[in-house]
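Every number for a ligand or one of its atoms is a count from 1 in the order of the listing. FYI, the numbering just counts along the sequence from 1.
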Amino acid sequence: MIYVVGLGPGDYEQLPIGVLHRLLGDLPVYLRTDQHPVVEQLVQEGMQYESFDAIYEKHDDFLAVYEEITNFLIEKAEKTDLVYATPGHPMLAELAVQLLLARTKDITIVGGQSFLDPLFAAVKIDPIEGFQLFDALAFNIDYYQPQQQTVIAQVFDQFVASNLKLDLMEKLEDETLVTLVSAAGTKQEWVKTVPLYELDHEYEGVNNLLSVYIPAQK
Ligand SMILES: C[S@@+](CC[C@H](N)C(=O)[O-])C[C@H]1O[C@@H](n2cnc3c(N)ncnc32)[C@H](O)[C@@H]1O
């Protein structure tokens, strides 16, 4: 059995108890990445792990990375039960989990907290009013509806932000206010509202935990 858990947005206090038990249990633990703030404390509490960070260096595209991770986990799981841990929640924007689900029924999604809850708190919105979630790396402006609250994830760097800005300018005024949210829900949370034309400017909070929120346009 592959037990799939999420490490949450970044703080140890946000780990659900069931996830914690899996991470500190007897089964081997594999982390998609150990570049996550909770790992240090988990190690202090006795967690032993292997991470897949080195696999990212070997490949030029993400699909090849996640296929290698999936192959490794499926092969290992034939010999022993194991735990696979992703950042956030494992069912949100985790391609290796989708590949695993397509290939095996021997898998249990245990849980975790995604970045969305703390992001909603950071920008103080209720998604029940209507909400869209996009991947900046696969953004298609045709599907973007300005009348809905929108979150765009995977805004990794200025290059991605720049392409996103140009796409959004097809449907929004240059002065439309957008909010950059980095590390929501953690002690490093960083929130900055800027006009759309400044979306790709250089900011200290831009890193691999950055999402962009666009309010509903009336
Ligand atoms: C590959 S997705 C993984 C999401 C993860 N599985 C989850 O549930 O949070 C990574 C993207 O999620 C967004 N993200 C993750 N943590 C975040 C946080 N604390 N605050 C804002 N955005 C975050 C960023 O856009 C980042 O590029």
Side-chain angles (χ1 to χ4, degrees), residues 3-16 18-19 22-23 30-39 51-53 55-56 59 61-67 69-70 83-101 107 109-125 127 131-139 149-165 167-168 178-194 199-200 203-214:
Y3 294 95
V4 185
V5 305
L7 299 178
D11 278 350
Y12 184 82
E13 289 73 20
Q14 294 163 315
L15 285 175
V19 169
R22 282 291 169 204
L23 292 166
Y30 296 93
L31 306 183
R32 171 162 78 70
T33 174
D34 63 9
Q35 304 305 298
H36 190 285
V38 300
V39 173
S51 99
F52 294 127
D53 288 287
I55 296 179
Y56 285 84
H59 301 283
D61 70 291
F62 283 133
L63 182 58
V65 171
Y66 295 122
E67 278 174 342
I69 292 174
T70 308
V83 178
Y84 173 55
T86 73
H89 189 286
M91 290 303 287
L92 179 56
E94 296 294 340
L95 186 52
V97 176
Q98 294 304 316
L99 296 174
L100 284 169
L101 286 166
I107 181 167
I109 307 293
V110 178
Q113 188 187 3
S114 86
F115 75 92
L116 283 175
D117 286 347
L119 184 139
F120 294 143
V123 295
K124 300 183 179 54
I125 62 157
F131 143 76
Q132 303 166 100
L133 175 64
F134 291 106
D135 178 353
L137 302 178
F139 187 67
Q149 311 177 100
T150 300
V151 174
I152 305 175
Q154 310 228 78
V155 188
F156 283 123
D157 54 27
Q158 272 183 290
F159 179 74
V160 176
S162 203
N163 285 334
L164 182 63
K165 174 179 99 168
D167 284 342
L168 288 169
V178 301
T179 302
L180 298 105
V181 184
S182 175
T186 75
K187 294 178 184 74
Q188 286 73 43
E189 181 174 297
W190 176 90
V191 180
K192 190 173 177 70
T193 298
V194 298
L199 177 61
D200 55 350
Y203 301 110
E204 57 180 277
V206 177
N207 53 35
N208 61 353
L209 293 182
L210 182 78
S211 298
V212 172
Y213 163 68
I214 310 170

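- Heavy atoms of Leu210 found under 4.0 angstrom from ligand 1 belong exclusively to the backbone.
- Gln154 OE1, 4.0 Å is the protein heavy atom nearest to atom 10 (C) of ligand 1.
- At a 3.5 angstrom cut-off on N or O pairs, Ser211 counts as close to ligand 1.
- The protein non-hydrogen atom at the shortest distance from atom 4 (C) of ligand 1 is Leu92 O, 3.4 Å.
- Counting heavy atoms under 4.0 Å from ligand 1, residue Pro87 touches it through the backbone alone.
- Between Gln154 and Val160, every side-chain heavy-atom pair lies at or beyond the 4.5 Å cut-off.
- Between the side chain of Asp34 and the backbone N or O of Val39, no donor-acceptor pair lies under 3.5 Å.
- Here the protein heavy atom with the shortest distance to atom 2 (S) of ligand 1 is Ala93 CB, 3.7 Å.
- Note that CE of Met91 and OG1 of Thr86 are 10.5 Å apart. Values are rounded to the nearest 0.5 Å.
- Contact of the Tyr56 side chain with the Arg32 side chain is registered, since non-hydrogen atoms from C-beta on lie closer than 4.5 Å.
- Looking at Gln14, its side chain never comes within 3.5 Å of a backbone N or O of Gln113 through a donor-acceptor pair.
- Taken to the nearest 0.5 Å, the NE2 atom of His89 stands 10.0 Å off from the CG atom of Asp117.
- Looking at ligand 1, you'll find an N or O of Ala184 within less than 3.5 Å of one of its N or O atoms.
- Formation of a donor-acceptor pair under 3.5 Å by the His36 side chain with backbone atoms of Gly8 is found in this model.
- Heavy atoms of Glu94 found under 4.0 angstrom from ligand 1 belong exclusively to the side chain.
- Here the CD1-OH distance, from Ile152 to Tyr213, works out to 12.0 Å after rounding to the nearest 0.5 Å.
- Only the backbone of Asn208 comes within 4.0 Å of ligand 1, judged by heavy-atom distances.
- No side-chain donor-acceptor contact under 3.5 Å links Asp11 and Thr186.
- Between Val181 and Phe115, the closest side-chain pair of non-hydrogen atoms is not below 4.5 Å.
- Distances from atom 8 (O) of ligand 1 to the heavy atoms of Glu189, Gln113, His89 show the closest one on His89.
- Here CD of Gln158 is found 12.0 Å from CG of Asn163. Values are rounded to the nearest 0.5 Å.
- When Phe62, Phe115, Trp190 are checked for heavy-atom proximity to atom 16 (N) of ligand 1, Phe115 turns out nearest.
- Inclusion of Gly88 in the set of residues having an N or O under 3.5 Å from an N or O of ligand 1 is not warranted.
- Ligand 1 lies less than 4.0 angstrom from a heavy atom belonging to Ala183.
- For the pair Thr186 and ligand 1, the shortest N or O to N or O distance does not fall below 3.5 Å.
- The protein atom (non-hydrogen) at minimum distance from atom 21 (C) of ligand 1 is Leu209 O, 3.1 Å.
- Residue-level proximity to ligand 1 for Ala153 is carried by backbone and side chain together, each with a heavy atom below 4.0 angstrom.
- Interface atoms of ligand 1 facing Val181, defined by a heavy-atom separation under 4.0 Å, are 21 (C).
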